[in-house]
Amino acid sequence: MALTTDTRITLSDGNRMPIIGLGTYASPDVARSIGEEATKVAIEMGYRHIDCAHIYGNEVEIGRAIRSKIADGTVKREDIFYTGKLWCSFFSPELVRQGLEISLKDLQLDYIDLFIMHWPFSIKPTGSEDPSDPDKPIVYDNVDFCSTWEALEACKDAGLVKSIGVSNFNRRQLERLLSKPGLKYKPVCNQVECHVYLNQSKLQEYCKSKDIVLVAYSVLGSHRDKNWVDLSTPVLLEDSVLASVAAKYKRTPAAVAMRFVLQKGIVVLAKSFSPARLKQNFGVFDFVLTPEDIKTLNGLDKNLHYGPFKEMKEHPEYPFHDEY
Ligand code: NDP
């Protein structure tokens with residue numbers, strides 16, 4: 001079936017996730033009001049899936065943008081699919097609901113459509129929530145994500161979230177969660193970095209076999225925020241093979257990078273705060289890459305993580321020591 005801007009993927013719990021979503025992370029030097037305006041513009045254009053997180057520090061503004069578009073009649077609450085993320089310092093079971101309620105209060109929403117564990121590892125609360133804050137070094141914690149999960153299941157039962165999932169989990173970690181004794185709800189998704197340099201084909205195959213939807217971030221080669229990304233890594237949108245495929249279709253490298261992931265059946269998040277790019281990114285449904293071009297783009301894979309979160313690499317739950 002042809003993909004359109006309205007295509008939604010049915011999750012294992014019956015909820016439906018729009019196949020294209022707006023990313024909202026921006027480095028702290030970007031005024032929060034810019035993301036707020038961009039979110040309003042995106043909703044007016046037809047975006048219905050908004051990806052955000054407590055740790056991005058902008059849920060107040062993103063929530064205000066969503067509510068303003070509900071208030072002016074552009075959308076109803078049920079049209080919007082909002083994803084929030086539980087930060088790693090809220091993993092102790094008694095803190096999980098508190099973490100969610102902070103997001104709900106910031107957003108001024110009654111519920112979140114999808115709430116996911118941001119990473120598989122836990123860190124100790126330090127007072128500063130910003131992991132790139134050099135004055136507050138990250139201190140590892142050892143909360144088992146299976147116990148966090150039980151508290152998330154309770155949040156779903158309480159009606160505060162419609163769906164629950166995970167992010168940045170590797171296969172072994174997913175297997176452990178799926179085989180947790182007494183598991184009540186499976187994670188509906190695993191949100192991971194995914195693009196032409198990291199196409200996640202093995203993880204996708206595994207997730208598909210377990211009815212877990214893969215959601216891709218950094219599809220355009222990431223935000224390249226120096227706090228998170230090694231700036232000596234190649235710029236994805238400057239790749240010459242990507243450029244030559246794009247030229248064939250008279251499209252931009254960004255459009256081809258997004259189609260490549262969408263055509264694999266993976267949900268795409270793309271961040272832009274520029275109206276022209278928001279429009280361009282929402283317009284990737286009017287062309288189809290051929291199987292040969294997909295094959296060519298598959299050849300670009302080099303297992304490159306733009307955002308490896310290296311500060312956590314000694315943590316026992318660091319996900320990227322495994323192949324996938
Ligand atoms: P993306 O790969 O979406 O790239 C964003 C960058 O690309 C921005 O600099 C943007 O600039 C630029 N851009 C957007 N559209 C175009 C275009 N058409 N042509 C050229 N450049 C373009 O980056 P992210 O890493 O931000 O990933 C997307 C989202 O995924 C995040 O915002 C966040 O919501 C989520 N995420 C989740 C993570 C997790 O751990 N679960 C980790 C990282 C991201 P401009 O705004 O100026 O257009």
Side-chain angles (χ1 to χ4, degrees), residues 17-18 21-30 32 34-36 38-39 42 47 49-67 80-91 95-109 111-123 125-126 128-133 136 138 145 148-149 151-152 155 160-169 187-194 213-219 222-223 225 227-229 267-273 306-309 311-312 319:
M17 177 190 277
L22 173 70
T24 62
Y25 173 75
S27 63
D29 54 319
V30 176
R32 299 291 177 230
I34 297 177
E36 181 173 346
T39 303
Y47 283 81
H49 179 171
I50 318 274
D51 183 83
C52 194
H54 168 66
I55 199 67
Y56 301 168
N58 58 355
E59 284 193 306
V60 168
E61 291 78 9
I62 303 300
R64 201 155 57 209
I66 293 171
R67 284 183 291 107
I80 295 288
F81 189 97
Y82 179 86
T83 300
K85 307 187 189 88
L86 182 73
W87 185 242
C88 317
S89 56
F90 291 95
F91 279 14
L95 294 183
V96 169
R97 184 161 172 158
Q98 188 186 316
L100 170 59
E101 283 174 344
I102 293 171
S103 285
L104 288 170
K105 185 159 172 272
D106 285 349
L107 293 158
Q108 293 284 300
L109 294 177
Y111 69 90
I112 281 177
D113 296 274
L114 170 64
F115 200 49
I116 61 185
M117 292 177 71
H118 208 142
W119 288 87
F121 40 70
S122 58
I123 60 180
T126 58
S128 164
E129 285 299 330
D130 181 358
S132 62
D133 179 350
K136 294 277 170 74
I138 291 172
F145 58 68
T148 310
W149 188 256
L152 280 172
C155 292
L160 299 176
V161 296
K162 301 273 185 208
S163 297
I164 50 177
V166 297
S167 178
N168 298 305
F169 273 47
V188 297
C189 74
N190 188 19
Q191 185 184 123
V192 295
E193 184 174 337
C194 177
V213 169
L214 212 62
V215 180
Y217 71 74
S218 298
V219 172
S222 92
H223 41 69
D225 172 351
N227 292 315
W228 297 93
V229 175
V267 175
V268 162
L269 303 176
K271 178 264 170 182
S272 180
F273 287 172
Y306 282 108
F309 207 165
E311 295 77 358
M312 297 303 295

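Because the structure is predicted, anything quoted here is derived from the model rather than measured. Computed from heavy atoms alone, side chains included, the values below leave out hydrogens, waters and symmetry copies.
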* **Spacing of Asn190 atom CG and Ser167 atom OG [to the nearest 0.5 Å]** => 6.5 Å
* Does the Thr24 side chain pair with the main chain of Asp51, one donor and one acceptor, at a distance under 3.5 Å? -> yes
* Enter the distance from Glu61:CD to Ile66:CD1 here, rounded to the nearest 0.5 Å. => 12.0 Å
* To do: Determine, step by step, whether Ile138 and Met312 satisfy the side chain to side chain contact (heavy atoms under 4.5 Å, CB included) criterion, reporting the C-alpha distance in whole Å, the side-chain angles of both residues, the deciding distance to 0.1 Å, and the verdict.
  => CA-CA 8 Å; Ile138 291 172; Met312 297 303 295; 3.5 Å; yes
* To do: Search all heavy atoms of Phe91 against all heavy atoms of His118 and return the closest pair with its distance.
  => CZ-N, 4.4 Å
* Structure fact -> Ile112 and Gly84 have their tightest heavy-atom pair at CG2-N, 4.0 Å
* Less than 6.0 Å separating the ring centroids of Phe169 and Phe145? -> yes
* Would you call the rings of Trp87 and Phe309 parallel, tilted or perpendicular if under 30° counts as parallel and over 60° as perpendicular? -> parallel
* What are the two closest non-hydrogen atoms of Tyr82 and Ala53, and how far apart are they? -> OH-N, 4.3 Å
All N/O donor-acceptor pairs, side-chain side in residues 100-108, below 3.5 Å, sequence neighbours left out:
{"residue": "Glu101", "atom": "OE2", "partner": "Arg97", "partner atom": "NE", "Å": "2.9"}
{"residue": "Ser103", "atom": "OG", "partner": "Glu59", "partner atom": "OE1", "Å": "2.6"}
{"residue": "Gln108", "atom": "NE2", "partner": "Lys105", "partner atom": "O", "Å": "2.9"}

* **Spatial distance of atom CG (Leu22) from atom CD1 (Ile62) [nearest 0.5 Å]** => 7.0 Å
* **Nearest-0.5 Å distance, CD1 of residue Ile80 to OG1 of residue Thr39** => 9.5 Å
* Looking only at side chains, do Asp225 and Tyr25 share a donor and an acceptor under 3.5 Å apart? -> yes
* To do: Under the side chain to side chain contact (heavy atoms under 4.5 Å, CB included) rule, what do Ile164 and Cys155 come out as? Steps first, then yes or no, please.
  => CA-CA 9 Å; Ile164 50 177; Cys155 292; 5.8 Å; no
